Colleague: 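Supplied in structure tokens, the structure appears directly below.
Keep in mind that the numbers below use all heavy atoms, side chains included, and drop hydrogens, waters and symmetry copies. Just so it is clear: chains get the letters A, B, ... in the order the sequence lines come, proteins before strands, and each one is counted from 1. None of these values were measured; they are calculated from a predicted model.
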2 protein chains.
Amino acid sequence: MEHLCLKNTIRLLQSADQIKARLSGDFASVHGLSVNEVFLLMHLEQAPLHRLSRVELAKRMHVSASTVTRMAAPMEKIGLVSRQADTRDARLAFVVLSESGLEKVKEARVTFAKQATYVFRDRWNDEDLELFSALLHRLIADAPGDLT
Amino acid sequence: MEHLCLKNTIRLLQSADQIKARLSGDFASVHGLSVNEVFLLMHLEQAPLHRLSRVELAKRMHVSASTVTRMAAPMEKIGLVSRQADTRDARLAFVVLSESGLEKVKEARVTFAKQATYVFRDRWNDEDLELFSALLHRLIADAPGDLT
DNA sequence: CCGAATCGCTTGCAAACGCAAGCATATTGC
DNA sequence: GCAATATGCTTGCGTTTGCAAGCGATTCGG
């Protein structure tokens, strides 16, 4: 039981590293983005008003707040996102998805899907995929910011 | 179908990030190691003669060769691993697990298992876990260095 | 054999990240 | 009201990482 949990966790982490390495190359060469940058855009895409505060992004991406600040800066420079202050709370600085950012994330999603399809290749049928999806969903059910 | 692959990949990556963040804190505070350092030790533990070349480690951990070089250096300093040259091929420099390294990885595995058990908590029974394990196994079946 | 290509490892450099500290703004307790 | 605390964001610093270049060692082709 405990051993099964450990085995599953190890396998999950190893799978993720493997997939991330594959995605990293594609996102960089095709779109000029890192994996985390694509995830940031995807979080904004599914958020109300296409915007999130920096701390909220940090929580959902499991990175520090300073990382979000430093990731957003260059993406703002190239126009993928913009900064928006809150009228109620002057501390908040939303990261807002721009039009070109929305386009970019849609393009990236195609690349993402292509790699994802390759990952599951031929050994998986629809039933397996549904089952796997349901099991994974349990792992992130209580975490904020499910992107699916 | 393609959409299911994408959904599964996203969920898998999000789960992994979440778990990694949890593990990172525990490994650092309890054992003074990073997640990747623990994985390095675990790869050595299950290798023949408890040793692997640097490029082999790099492939299995999905990191660059330079990363392995730089990870091994401090671990060698504190005696967790040692360096061993090959008599046949003078280019090879094996990373060898030491006695204290073996002890360390066994301790870390306990912490690892504890966190893993918490990740799957109560919503999972043995059947689910076995099923999940089998599905994950398909994802890494062809990759070298399965740690389970 | 011997030059050319390959392989394993290391190092310089730049990019990405976390932590701790700092600043400005909000909220709370009295 | 007002100090004390908490929150959101940024910045300085050290650490980790990948890429490209470089170095020896090995292998390959003729």
Side-chain angles (χ1 to χ4, degrees), chain A residues 16-18 20-29 31-41 47 51-78 80-96 144, chain B residues 16-18 20-29 32-41 47 51-78 81-96 144:
Chain A
D17 278 345
Q18 188 182 346
K20 220 179 226 176
R22 302 185 59 88
L23 281 176
S24 177
D26 275 22
F27 283 159
S29 61
H31 309 288
L33 293 172
S34 72
V35 177
N36 266 354
E37 284 171 336
V38 172
F39 269 93
L40 188 150
L41 293 177
R51 67 176 202 180
L52 286 170
S53 77
R54 280 156 163 76
V55 288
E56 194 49 41
L57 270 172
K59 281 180 199 164
R60 300 190 183 197
M61 300 180 63
H62 305 288
V63 298
S64 70
S66 53
T67 297
V68 175
T69 293
R70 289 183 167 114
M71 273 205 309
M75 297 177 76
E76 193 177 334
K77 270 210 192 318
I78 58 177
L80 296 178
V81 301
S82 61
R83 166 185 292 255
Q84 188 180 69
D86 189 317
T87 48
R88 309 289 185 86
D89 190 336
R91 294 171 304 179
L92 267 64
F94 289 107
V95 183
V96 192
Chain B
D17 278 344
Q18 188 182 345
K20 222 180 226 175
R22 303 185 58 88
L23 281 176
S24 178
D26 275 21
F27 284 158
S29 61
L33 295 172
S34 71
V35 177
N36 266 353
E37 284 171 336
V38 172
F39 268 94
L40 189 150
L41 292 177
R51 66 175 206 182
L52 286 170
S53 77
R54 281 157 163 75
V55 287
E56 194 51 39
L57 270 172
K59 281 180 198 164
R60 300 188 183 199
M61 300 180 62
H62 305 287
V63 298
S64 70
S66 53
T67 296
V68 175
T69 292
R70 288 182 167 115
M71 273 205 309
M75 298 176 76
E76 194 176 333
K77 269 208 194 317
I78 59 177
V81 301
S82 61
R83 166 186 292 252
Q84 189 179 70
D86 190 316
T87 47
R88 310 290 184 87
D89 192 335
R91 294 170 304 179
L92 266 64
F94 288 107
V95 182
V96 192

Colleague: Ignoring hydrogens and angles, are the base of D/dG12 and the side chain of A/Arg70 linked by a donor-acceptor pair under 3.5 Å?
Modeller: yes
Colleague: Are B/Lys20 and A/Asp17 close enough for a salt bridge, meaning some N to O gap below 4.0 Å?
Modeller: yes
Colleague: Do you see a donor-acceptor pair shorter than 3.5 Å between the side chains of A/Thr67 and A/Ser64?
Modeller: yes
Colleague: B/Lys59 NZ to C/dC7 C1': how many Å, rounded?
Modeller: 10 Å
Colleague: Between B/Leu52 and A/Asp89, just flag the one whose closest nucleotide in DNA chain C comes earlier from the 5' side.
Modeller: B/Leu52
Colleague: Of all the choices, C/dT25, C/dC17, D/dC9, which nucleotide is nearest to the side chain of A/Thr67 once you look at every atom?
Modeller: C/dC17
Colleague: Whether A/Ser64 contacts C/dG18 is assessed here as follows: a side-chain N or O lying under 4.0 Å from the phosphate OP1 or OP2. Is that the case?
Modeller: yes
Colleague: Measure CZ/A/Arg91 against P/D/dA6 and give the value in whole Å, please.
Modeller: 13 Å
Colleague: Which pair of non-hydrogen atoms, one from B/Met75 and one from B/Met71, has the smallest distance, and what is that distance?
Modeller: CG-O, 3.3 Å
Colleague: To the nearest angstrom, how far is A/Asp86 atom CG from D/dC9 atom P?
Modeller: 10 Å
Colleague: Check the distance between C/dC17's P and A/Leu57's CG and give it to me in whole angstrom.
Modeller: 13 Å
Colleague: Without decimals, in angstroms, what is the distance between A/Arg60 CZ and D/dG8 P?
Modeller: 13 Å
Colleague: Please state whether the base of D/dC19 and the side chain of B/Ser66 form at least one donor-acceptor pair under 3.5 Å?
Modeller: yes
Colleague: Looking across every strand, which nucleic acid part, if any, lies under 4.0 Å from A/Val63 by heavy atom: base, sugar-phosphate, or nothing?
Modeller: sugar-phosphate
Colleague: Ignoring hydrogens and geometry, is there a side-chain-to-backbone donor-acceptor pair from B/Arg83 to B/Ala93 under 3.5 Å?
Modeller: no
Colleague: Can you find a donor-acceptor N/O pair under 3.5 angstrom joining the side chain of A/Arg54 to the base of D/dC9?
Modeller: no
Colleague: Looking for any heavy atom pair under 4.0 Å, which part of the strands does A/Ser53 touch: base, sugar-phosphate only, or nothing?
Modeller: sugar-phosphate
Colleague: Counting only side-chain N and O atoms of A/Thr69, is one of them less than 4.0 Å from OP1 or OP2 of D/dT10?
Modeller: yes
Colleague: Nearest nucleotide by nearest heavy atom, which residue falls closer to the 5' end of DNA chain C, B/Arg83 or A/Met71?
Modeller: B/Arg83
Colleague: In whole Å, I'd like the distance from the CE atom of B/Met75 to the C1' atom of D/dT15.
Modeller: 16 Å
Colleague: Please report the distance, rounded to the nearest Å, between CG in B/Leu92 and P in D/dT26.
Modeller: 10 Å
Colleague: When you get a sec, tell me which of C/dC9, C/dA24, C/dC17 is the closest nucleotide to the side chain of A/Asn36?
Modeller: C/dC17
Colleague: I need the minimum non-hydrogen distance between B/Arg88 and B/Asp86, along with the two atoms involved.
Modeller: N-OD1, 2.6 Å
